[in-house]
Amino acid sequence: MREVVQNDKSRASRRVSRAPRATAVLAVAVAALAAGCAQGDDQGVQGAPGQQAPPARAVDGAAKAREARAALAAAAKRWKLDKVPLTAPAPPAKKPEIEAREGFEVDGQESDDLPPVFTTVPTKEKIVFLTIDDGAEKDPAFLKMMSELKIPYTVFLTDEEIKDDYGYFKKMQARGITLNNHTLSHPYLPGLSYEDQKREICGMQDVMEKHYGKRPVLFRPPYGNYNRDTLRAAKSCGIEYAPIWSEEVYVDHWEYREWDQDLHPGDIVLTHFRGTDDWDGTMTDMVRRFLDRITADGYAVARLEDYL
């Protein structure tokens with residue numbers, strides 16, 4: 001703004017030389033102009049004459065968005081992804097209605113208001129939901145990768161697999177990841193009595209509350225197997241939803257539930273906490289395979305809890 005002020009002063013000086021009697025008036029005008037420009041310097045960016053300058057917060061927001069995109073691109077390169085992962089759209093203001101998948105209901109599903117078992121969330125957006133089970137592998141590189149790439153995911157934990165290091169999942173929780181119930185010992189639940197199933201599910205609720213401060217409302221039955229007693233017991237323990245999956249991703253391949261062997265909007269994808277003892281690769285290798293596939297198909301990863 002100082003350059004504008006200087007130019008105006010120069011023009012005023014030429015006018016004063018031709019009309020001495022106007023000196024006082026012009027001096028006042030120049031002073032007023034200088035004061036206005038000085039105020040503009042204090043307030044930040046000035047627009048062209050007749051235009052309003054953008055708010056400082058808008059400028060800051062655009063700069064931060066550019067920085068975030070650059071950081072994400074750098075992270076994608078660092079983790080050797082084919083492309084930068086797509087960003088999921090904002091979740092809907094009105095949550096979709098979640099019902100039990102057809103053929104996955106049990107007797108009394110509606111009358112007893114039992115937690116629905118579902119494999120897909122109703123949406124037309126090209127999004128999928130990443131869910132990870134049990135907690136056997138505790139790879140620090142996985143935490144770093146998901147944090148740097150800003151990828152949301154949902155976790156279902158089994159006490160027998162996490163009790164050697166509850167702190168690992170505390171770090172995960174601190175990054176905004178929701179920790180959910182996958183029973184105490186990962187049994188085949190339909191083979192147990194109602195009371196034993198309740199002990200497995202409610203017992204894990206107690207573990208979650210003790211170590212992570214919350215009793216989850218999401219529960220995944222081990223192996224995806226359940227019966228009416230499973231859902232009755234889960235409801236009695238405070239469970240509201242029982243999501244299972246449409247696809248499962250491993251470090252070296254995918255498996256599909258549907259006949260077309262493809263992704264669909266709103267699909268729930270399953271994987272497990274596994275490493276080189278069980279896979280021919282690491283958790284980060286698995287994530288790379290997962291992200292490369294969905295990004296190539298135009299999908300982004302969304303947060304499951306935002307749709308429930």
Side-chain angles (χ1 to χ4, degrees), residues 88 91-92 95-101 104-106 109 112-123 127-136 146 151-162 166 168-170 172-187 189 197-249 257 266-273 301-308:
K95 308 293 186 184
E97 184 176 355
I98 304 296
E99 297 179 339
R101 175 173 168 156
F104 287 57
E105 310 96 330
V106 298
Q109 181 75 56
D112 294 341
D113 191 26
L114 298 178
V117 176
F118 56 102
T119 63
T120 300
V121 171
T123 181
I127 55 173
V128 294
F129 305 97
L130 179 63
T131 62
I132 313 178
D133 280 8
D134 66 44
M146 300 300 270
I151 303 298
Y153 56 102
T154 299
V155 171
F156 294 88
L157 300 177
T158 297
D159 190 47
E160 281 194 357
E161 302 290 359
I162 69 171
Y166 290 118
Y168 177 83
F169 301 95
K170 191 72 174 177
M172 191 176 290
Q173 185 184 41
R175 289 166 165 81
I177 303 304
T178 303
L179 310 180
N180 297 291
N181 189 324
H182 198 43
T183 71
L184 288 171
S185 63
H186 206 276
L189 289 173
Q197 292 197 53
K198 185 175 179 179
R199 189 175 301 111
E200 280 283 341
I201 301 169
C202 289
M204 191 59 191
Q205 293 288 81
D206 295 339
V207 169
M208 300 299 288
E209 183 174 32
K210 177 181 178 181
H211 292 282
Y212 306 113
K214 296 181 68 175
R215 299 178 75 82
V217 296
L218 272 63
F219 160 71
R220 173 171 284 163
Y223 315 107
N225 295 135
Y226 60 95
N227 58 15
R228 182 170 183 269
D229 280 348
T230 309
L231 300 185
R232 287 177 56 232
K235 181 181 178 181
S236 74
C237 302
I239 297 298
E240 298 177 11
Y241 301 97
I244 50 176
W245 60 91
S246 287
E247 293 88 24
E248 183 169 2
V249 61
R257 185 181 296 275
D267 276 359
I268 299 171
V269 180
L270 163 68
T271 191
H272 289 80
F273 287 97
V301 187
R303 183 175 179 268
L304 179 60
E305 294 81 1
D306 289 340
Y307 288 75
L308 304 180

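Just so it is clear, the model here is predicted, and its values are computed rather than measured.
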By ring pair (Phe, Tyr, Trp, His ring centres under 6.0 Å) - contacts of [X] (at least two apart):
X	value
His272	none
Tyr168	none
Tyr153	Phe142
Phe104	none

Between [X] and [Y], is any pair of side-chain heavy atoms under 4.5 Å apart?
X	Y	answer
Pro122	Ile98	yes
Lys170	Tyr212	yes
Thr230	Phe219	yes
Pro96	Thr123	no
Phe156	Ile132	no
Val155	Phe273	yes
Ile244	Val117	yes
Phe129	Val269	no

Of all residues at least two apart in sequence or in a different chain, which pass the side-chain hydrogen bond (donor to acceptor under 3.5 Å, both in side chains) check with Arg257?
none
For Ser185, enumerate each residue passing the side-chain hydrogen bond (donor to acceptor under 3.5 Å, both in side chains) test, keeping only those at least two apart in sequence or located in another chain.
Glu200
Nearest 0.5 Å, please: how far is [atom2] in [Y] from [atom1] in [X]?
X	Y	atom1	atom2	answer
Thr183	Leu157	OG1	CG	10.5 Å
Leu184	Ile201	CG	CD1	9.5 Å
Ile239	Leu114	CD1	CG	13.0 Å
His211	Phe169	NE2	CZ	12.0 Å
Met146	Ile151	CE	CD1	6.0 Å

Would you list the pairs meeting ring pair (Phe, Tyr, Trp, His ring centres under 6.0 Å) in which at least one residue belongs to residues 221-246, sequence neighbours left out?
His186-Tyr223
Counting N and O atoms only, with roles assigned by atom type, does the side chain of [X] sit under 3.5 Å from a partner on the main chain of [Y], one being a donor and the other an acceptor?
X	Y	value
Thr158	His182	yes
Ser246	Thr119	yes
Gln197	Leu189	yes

Sorted by chain and residue number, the salt bridge (Lys or Arg N to Asp or Glu O under 4.0 Å) partners of Asp267 (sequence neighbours excluded) come out as none
Quick one: list whatever passes salt bridge (Lys or Arg N to Asp or Glu O under 4.0 Å) with Asp159, sequence neighbours left out.
none
Where is the tightest heavy-atom contact between [X] and [Y], given as atom of each residue plus distance?
X	Y	result
Pro152	Leu130	O-CB, 4.3 Å
Asp134	Ala136	OD1-N, 2.9 Å
Gln109	Pro115	NE2-O, 3.3 Å

Residue pairs meeting salt bridge (charged side-chain N to carboxylate O under 4.0 Å, His left out), one or both in residues 172-183, sequence neighbours left out, come to none
In short, salt bridge (charged side-chain N to carboxylate O under 4.0 Å, His left out) pairs touching residues 231-241 with sequence neighbours left out are Asp229-Arg232
Determine all donor-acceptor pairs shorter than 3.5 Å in which one atom belongs to a side chain in residues 202-209; sequence neighbours excluded.
from	atom 1	to	atom 2	distance (Å)
Gln205	OE1	Asn181	ND2	3.1
Gln205	NE2	Pro216	O	2.9
Gln205	NE2	Cys237	O	3.0
Asp206	OD1	Arg215	NH1	2.8
Asp206	OD1	Arg215	NH2	3.3
Glu209	OE1	Arg215	NH1	3.0

Mind running side chain to side chain contact (heavy atoms under 4.5 Å, CB included) on Arg303 and Thr178 for me, showing each step along the way?
CA-CA 9 Å; Arg303 183 175 179 268; Thr178 303; 3.2 Å; yes
Regarding Lys95 and Asp306, does a basic nitrogen lie under 4.0 Å from an acidic carboxylate oxygen?
no
With a 3.5 Å cut-off and no angle check, do the side chains of Arg101 and Thr120 form a donor-acceptor pair?
no
Do you see a donor-acceptor pair shorter than 3.5 Å between the side chains of Thr131 and Arg220?
yes
Steps toward side chain to side chain contact (heavy atoms under 4.5 Å, CB included) verdict (Asn180, Thr154):
CA-CA 8 Å; Asn180 297 291; Thr154 299; 3.1 Å; yes
